[in-house]
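Here the structure is a predicted model, which is why all the values come from computation and not from measurement. The first residue of the sequence shown is numbered 1, and numbering continues consecutively from there.
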Amino acid sequence: MQRFGAGDAGAFDALYARHRGPMFRFMQRQCANRALAEELFQDVWMSLIAARERYRQEAKFTTYLYTLARHRVIDHFRRQGVRSQVHAEGDEDSIELAPSAAPTPEAQLESRRAVSRVLDLVEALPSAQREVMLLRAEAGLSIEEIAAVTLSERETVKSRLRYAMDKLKRGMEGWL
């Protein structure tokens with residue numbers, strides 16, 4: 001980000017390539033639909049571009065980026081008068097399943113059902129648990145980085161993550 005702020009356009013390309021997938025998935029699962037997630041996603045990158053010259057490294061870049069993303073989602077729903085509007089859109093077409101040696105149609109169907117089940121379970125999580133779980137799973141942020149992004153205590157993040165994972169495990173019993 002510092003190189004980008006100094007005028008290196010290639011540095012932006014590298015940042016975008018590295019972070020676009022996980023950040024988009026995070027935002028898509030935080031929003032009501034894909035179109036809204038795409039709009040907010042673009043807003044975050046535009047904000048990042050606008051802030052390039054005043055960016056100061058106070059934490060990891062991913063912490064900064066996901067803080068921007070989180071605030072953009074919160075601001076959108078605040079303007080809409082919605083306190084917590086966070087769900088995953090049922091867009092199974094965008095989910096990439098791991099290829100197997102010789103997947104049978106039955107195995108493919110079962111895999112899609114399991115993925116759909118996980119997405120439903122993630123959607124059903126309380127928003128605070130869903131947020132920390134997605135920041136960990138999609139963004140790969142550490143507990144400390146999630147605490148910085150969400151303005152929460154480290155132990156609070158750990159508890160939310162633990163409760164989210166417990167609910168997901170219970171919800172997948174019999175599927176695995």
Side-chain angles (χ1 to χ4, degrees), residues 1-5 9 11-91 93-95 118-165 167-168:
M1 184 63 182
Q2 291 171 331
R3 287 189 0 237
F4 175 55
F12 176 80
D13 293 340
L15 288 173
Y16 185 76
R18 184 178 305 134
H19 299 287
R20 71 177 176 217
M23 190 178 80
F24 181 75
R25 287 188 300 272
F26 167 75
M27 294 189 78
Q28 185 177 6
R29 289 181 178 94
Q30 291 285 59
C31 297
N33 62 53
R34 184 178 182 95
L36 175 60
E38 288 172 354
E39 178 184 334
L40 298 179
F41 176 80
Q42 293 301 322
D43 288 349
V44 169
W45 288 105
M46 295 304 292
S47 296
L48 187 76
I49 291 168
R52 71 182 173 271
E53 293 177 358
R54 62 182 184 277
Y55 172 79
R56 300 292 173 260
Q57 186 172 358
E58 297 173 7
K60 280 180 63 176
F61 173 75
T62 51
T63 304
Y64 177 75
L65 181 63
Y66 282 89
T67 298
L68 284 177
R70 178 178 185 264
H71 287 155
R72 184 63 189 98
V73 170
I74 290 170
D75 289 347
H76 169 78
F77 288 117
R78 202 174 276 153
R79 279 195 303 278
Q80 300 300 315
V82 178
R83 180 161 183 214
S84 177
Q85 169 92 25
V86 193
H87 11 194
E89 182 178 312
D91 186 9
D93 293 337
S94 66
I95 299 166
V118 169
L119 291 175
D120 289 345
L121 291 169
V122 168
E123 182 178 342
L125 289 172
S127 62
Q129 291 175 17
R130 180 177 40 251
E131 182 177 53
V132 298
M133 196 276 306
L134 291 172
L135 286 169
R136 181 71 169 183
E138 294 289 353
L141 298 183
S142 69
I143 300 295
E144 291 77 15
E145 291 166 334
I146 296 169
V149 168
T150 60
L151 304 175
S152 302
E153 295 294 324
R154 182 179 188 281
E155 292 303 315
T156 300
V157 170
K158 286 173 57 177
S159 292
R160 288 176 181 166
L161 187 58
R162 183 178 57 252
Y163 287 127
M165 295 306 294
K167 287 176 184 175
L168 293 177

Legend entry - Non-neighbouring partners of Arg154 that pass side chain to side chain contact (heavy atoms under 4.5 Å, CB included), sequence neighbours left out: Ile143, Glu144, Lys158

Inset, instruction - Apply salt bridge (Lys or Arg N to Asp or Glu O under 4.0 Å) to Arg18 and list each qualifying residue two or more places apart in sequence or on a separate chain. - result: none

Legend entry - Separation of Leu65 CG from Arg20 CZ (nearest 0.5 Å): 13.5 Å

Legend entry - Donor-acceptor under 3.5 Å (Ser159 side chain, Glu155 main chain): yes

Sequence neighbours excluded and cut-off under 3.5 Å, please list the side-chain donor-acceptor pairs for residues 56-63, or say none.
residue, atom, partner, partner atom, Å
Arg56, NH1, Glu53, O, 3.4
Lys60, NZ, Glu145, OE2, 3.1

Inset, instruction - Please list, chain by chain and in numerical order, all residues satisfying side chain to side chain contact (heavy atoms under 4.5 Å, CB included) with Asp75, sequence neighbours excluded. - result: Arg72, Arg78, Arg79

Inset, instruction - Calculate, to the nearest 0.5 Å, the distance between atoms CD and CG belonging to Glu39 and Asn33 respectively. - result: 9.5 Å

Legend entry - Evaluation steps, side chain to side chain contact (heavy atoms under 4.5 Å, CB included), between Leu36 and Phe77: CA-CA 11 Å; Leu36 175 60; Phe77 288 117; 3.9 Å; yes

Inset, instruction - Sequence neighbours left out, what passes salt bridge (Lys or Arg N to Asp or Glu O under 4.0 Å) with Glu38? Give chain and number order. - result: Arg34

Inset, instruction - Return the set of residues passing salt bridge (Lys or Arg N to Asp or Glu O under 4.0 Å) with Arg52 (not counting sequence neighbours), or none when no residue passes. - result: none

Legend entry - Distance in Å, Met1 CE paired with Tyr64 OH, rounded so as to fall on 0.5 Å steps: 5.0 Å

Legend entry - Residues forming a ring pair (Phe, Tyr, Trp, His ring centres under 6.0 Å) with Phe12, sequence neighbours excluded: Phe4, Trp45

Legend entry - side chain to side chain contact (heavy atoms under 4.5 Å, CB included) partners for Ala37, two or more places apart: Phe24, Gln28, Cys31

Inset, instruction - Apply ring pair (Phe, Tyr, Trp, His ring centres under 6.0 Å) to Tyr163 and list each qualifying residue two or more places apart in sequence or on a separate chain. - result: none

Inset, instruction - Kindly indicate whether the side chain of Ser127, heavy atoms from C-beta on, has any atom under 4.5 Å from the side chain of Gln30. - result: no

Return a table of donor-acceptor pairs under 3.5 angstrom between the side chains of residues 131-139 and protein atoms on other chains or two or more places apart.
residue, atom, partner, partner atom, Å
Glu131, OE1, Arg70, NE, 3.3
Glu131, OE2, Arg70, NE, 2.5
Arg136, NH1, Leu141, O, 3.2
Glu138, OE1, Arg25, NE, 2.6
Glu138, OE2, Arg29, NH1, 2.7

Legend entry - With Ala124 via side chain to side chain contact (heavy atoms under 4.5 Å, CB included) - residues at least two apart: none

Inset, instruction - Would you mind reporting whether Leu121 and Lys167 have side-chain heavy atoms less than 4.5 Å apart? - result: no

Inset, instruction - Go through the structure and list residues passing ring pair (Phe, Tyr, Trp, His ring centres under 6.0 Å) with His76, not counting sequence neighbours. - result: none

